[in-house]
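Each chain gets a letter, A, B and so on, in the order its sequence line appears, and its residues count up from 1.
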Amino acid sequence: KDALALGVKPADIHPRVSENMDEIILMVKTLVEKGHAYELEGDVYFDVRSFGEYGKLSGRDLDDLKSGARVQVDEKKKDPLDFALWKKAKPGGPSWESPWGQGRPGWHIECSAMSMKYMGPTFDIHGGGFDLIFPHHENEIAQSECYTGEMFAKYWLHNGFITVNEEKMSKSLGNFFLVREVLEKFPGPVIRFFLLSTHYRSPLDFSDTKLAEDAKALARLQNTWNRLQEAVPAGEEESLAQMARDTRNRIEEAMDDDFNTALAVAELFAFSREINSALTRGMSEKELLLARKVLKDFAIDILGIVQEDSPALAEDSALTARLMELIIEIRTTARSEKNWPLADRIRDRLKEAGILLEDTPEGPRWKVQ
RNA sequence: GGCGACGUAGCCAAGGGGUAAGGCAUGGGACUGCAAAUCCCUGAUCCCCGGUUCAAAUCCGGGCGUCGCCUCCA
C-alpha cells in the first residue's frame with residue numbers, strides 16, 4: 001500500500017529464502033566441489049583467496065583489508081575474511097537439512113541464489129544501499145561468479161542513505177520512521193519529488209521543512225499541468241515547440257547519465273516557466289500538444305511526480321463541478337456589484353472546506369486542498 | 001588504523017578545464033478590489049593551502065571537516 005502511494009510499481013516476484021532452500025544448498029554444494037568453499041565443523045565458508053577478483057567492486061584488496069582489520073574474530077578459517085555460506089544450526093533457531101547437517105544459509109548466499117534463479121546467471125542491474133557494497137555485494141559477486149563462471153550483475157546502483165539530522169537512518173539508532181507515517185503529513189508525489197530532487201547516490205537528509213518546501217515547488221509543476229489541461233488552443237504561435245524538443249532531449253540525456261533526476265527535474269521547472277508565460281499569452285494547438293506530451297512523458301509517466309488527474313477532477317467530479325459552477329457564478333455577481341465582503345466570505349469558507357479559489361486573469365479557478 | 005564518498009549562494013541542489021542549472025526563502029516590480037496563481041528583476045568565484053595550465057569550482061598534492069563501510073543481523 002505504501003509503495004503504491006509512492007507510485008512504486010509492484011515487483012513481479014517476492015522470493016522467500018525458505019522457499020528456495022534447494023537452490024541455495026545446491027549452490028553451496030557446487031562451490032565446495034569447485035574448490036571455492038570448505039566445510040568446518042558444520043559451517044561452510046567461502047574461500048576468498050580462491051577468487052582472484054575479490055574486492056573489485058569496493059576497490060579494496062585483500063591485503064589492505066587484512067592490515068586494516070579492526071576485529072580479529074579469527075578461529076580456524078583459512079582467511080579471516082572468509083565468509084559463511086552455511087551455518088550450523090543453533091539450538092532453537094530455524095534450520096534445514098543439508099549435506100553438512102542441520103543448519104541455515106549464510107547471509108550473502110540467498111541473494112545470489114534467488115536472483116540467479118529468477119533472472120539467470122547475468123542480469124543488468126543490482127541495486128542496494130551504499131552500506132552494502134562491502135561486504136555484502138562483494139561477497140555476492142565472489143560466490144556467484146565462482147559458481148557460474150560468468151559476470152553477475154552488469155551495473156550496480158548504490159543509493160545514498162536517508163539521514164535524519166545528518167545521521168544514517170537505521171533501526172539500531174532508533175531514528176527511523178515509516179513511509180506510512182510520512183504519508184500522513186505529505187502526499188506520495190511530494191515524497192517522490194523529495195527523493196528525486198537529489199541524485200540517488202547522494203545522501204539525503206530528511207526533514208519536514210524540506211518536504212514542505214518541496215510541496216510548494218511541486219505545486220508549480222502540478223499547476224502548470226492543470227492549466228495546460230484546461231487550456232484552449234489560440235493562435236498560431238510556435239515558439240514553444242523548439243523548447244519542448246530541447247527539454248525532451250536534455251531530460252533524456254540527464255536520465256541516461258546515471259539517472260540524474262535532479263537535473264531532469266530542473267529542466268521541467270525551466271520548461272514550466274515558459275509554458276506558464278505562453279499560457280498567459282495563449283498557446284496554439286501545436287504548442288499545447290507538444291507541451292502536454294513532454295510533461296506527460298516525464299513529469300507524469302517517468303518521474304511520477306505530477307498527477308495526471310488533478311484531485312479535483314478525480315473524485316465526485318461531476319457533482320462538485322456543478323456546485324462549484326453555481327458558487328462561482330454567485331460570487332462573480334457579488335464581485336461585479338463590488339460586494340467584496342460577500343466575495344471574500346465565499347472564498348474564505350471554501351478554503352475552510354478545503355477548496356482554493358483563485359481569480360486569475362483568465363477567470364476564477366478552483367482546486368481541492 | 002585501512003578503504004571509500006562528500007564539502008557549490010540563507011537553505012536544498014545540478015555541473016565537473018574556459019569565468020556557475022533548478023527549487024525554497026529574501027527584497028523590489030507587473031497583474032489584481034484584495035488574496036492566490038503567474039511573470040520580470042534581485043544573490044555565490046564553488047572548505048583551506050600549494051601545484052599543473054593560456055585558463056581550475058572542475059586536474060594533481062597536502063590539510064581541515066562531515067558521513068559511510070571494515071562485527072553480528074539483512
[options]: which one has an atom nearest the side-chain heavy atoms of [X]?
X	options	result
A:His199	B:C34, B:C69, B:A14	B:A14
A:Leu263	B:A14, B:A25, B:G33	B:A14
A:Phe134	B:C69, B:C12, B:A74	B:C69
A:Thr198	B:U38, B:A14, B:A74	B:A14
A:Ala266	B:G22, B:C73, B:C24	B:G22
A:Ala262	B:U38, B:C34, B:A14	B:A14

Touch class at under 4.0 angstrom, heavy-atom based, for [X] against every strand present:
X	answer
A:Leu132	base
A:Glu110	sugar-phosphate
A:Arg104	sugar-phosphate
A:Lys87	sugar-phosphate

Interatomic distance, [X] [atom1] vs [N] [atom2] [rounded to whole Å]:
X	N	atom1	atom2	result
A:Glu140	B:A74	CD	P	13 Å
A:Gln222	B:U38	CD	P	12 Å
A:Phe83	B:C70	CZ	C1'	15 Å
A:Phe271	B:G22	CZ	C1'	15 Å
A:Asn260	B:G16	CG	C1'	12 Å
A:Arg347	B:A37	CZ	P	12 Å
A:Ile346	B:G33	CD1	C1'	15 Å
A:Ile162	B:C67	CD1	C1'	14 Å

message = Under 4.0 Å between a side-chain nitrogen and a carboxylate oxygen: does that hold for A:Glu213 and A:Lys216?
response =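 Here A:Glu213 does not pair with A:Lys216 in a salt bridge, since their nearest N and O are not under 4.0 Å apart.
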ask   = Is it true that A:Lys88 and A:Asp43 make a salt bridge, defined as a side-chain N closer than 4.0 Å to a carboxylate O?
value =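 A salt bridge is absent here (no side-chain N lies under 4.0 Å from a carboxylate O).
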message = Taking the six-membered ring for Trp, are A:Tyr38 and A:Phe46 closer than 6.0 Å centroid to centroid?
response =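 No, ring centres 6.0 Å or more apart.
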ask   = How about A:Phe194 and A:Phe206: are their ring centroids closer than 6.0 Å?
value =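 Under 6.0 Å, so yes.
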Nucleotide forming a Watson-Crick or wobble pair with [N], both distances under 3.5 Å:
N	answer
B:G50	B:C60
B:A9	none
B:G1	B:C70
B:G43	none
B:A36	none

Do [X] side-chain and [N] base share a donor-acceptor contact under 3.5 Å?
X	N	result
A:Arg220	B:C24	no
A:Asp214	B:C24	no
A:Asp344	B:G33	yes
A:Arg227	B:A37	no

ask   = Using a distance-only test with no angle check, is there a side-chain donor-acceptor pair under 3.5 angstrom linking A:Asp258 and A:Tyr200?
value =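 On atom types as modelled, these side chains qualify, holding a pair under 3.5 Å.
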inquiry  = Is it the case that the side chains of A:Asn226 and A:Lys367 hold a donor-acceptor pair, with the cut-off being a distance below 3.5 Å and no angle test?
reply    =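 No, because no side-chain N or O of A:Lys367 sits under 3.5 Å from a partner of the opposite role on A:Asn226.
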query = Any side-chain N or O of A:Arg273 less than 4.0 Å from the OP1 or OP2 oxygen of B:G22?
reply =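 Yes, such a contact exists.
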request  = Could you tell me whether the phosphate oxygens of B:A36, OP1 or OP2, come under 4.0 Å of any side-chain nitrogen or oxygen in A:Lys351?
outcome  =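 So the side-chain polar atoms of A:Lys351 never come under 4.0 Å of the phosphate oxygens OP1 or OP2 of B:A36.
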request  = Output yes if the stacking criterion (under 5.5 Å between centres, under 30° between planes) is met for A:Trp340 over the base of B:G33, else no.
outcome  =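 Taking the rule of under 5.5 Å and under 30°, the ring of A:Trp340 does stack on B:G33.
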ask   = Mapping A:Arg201 and A:Leu204 to their closest nucleotides on RNA chain B, which lands nearer the 5' end?
value =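 Mapping each residue to its closest nucleotide by heavy atoms, the 5'-most match is A:Arg201.
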ask   = 5'-most contact on RNA chain B: A:Ser202 or A:Glu274, nearest heavy atom basis?
value =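 It is A:Ser202, whose closest nucleotide lies nearer the 5' terminus.
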CA sep, side-chain torsions, deciding dist, call: A:Glu308, A:Lys296, side-chain contact (heavy atoms from CB on, under 4.5 Å) = CA-CA 8 Å; A:Glu308 181 153 27; A:Lys296 164 74 173 151; 3.0 Å; yes
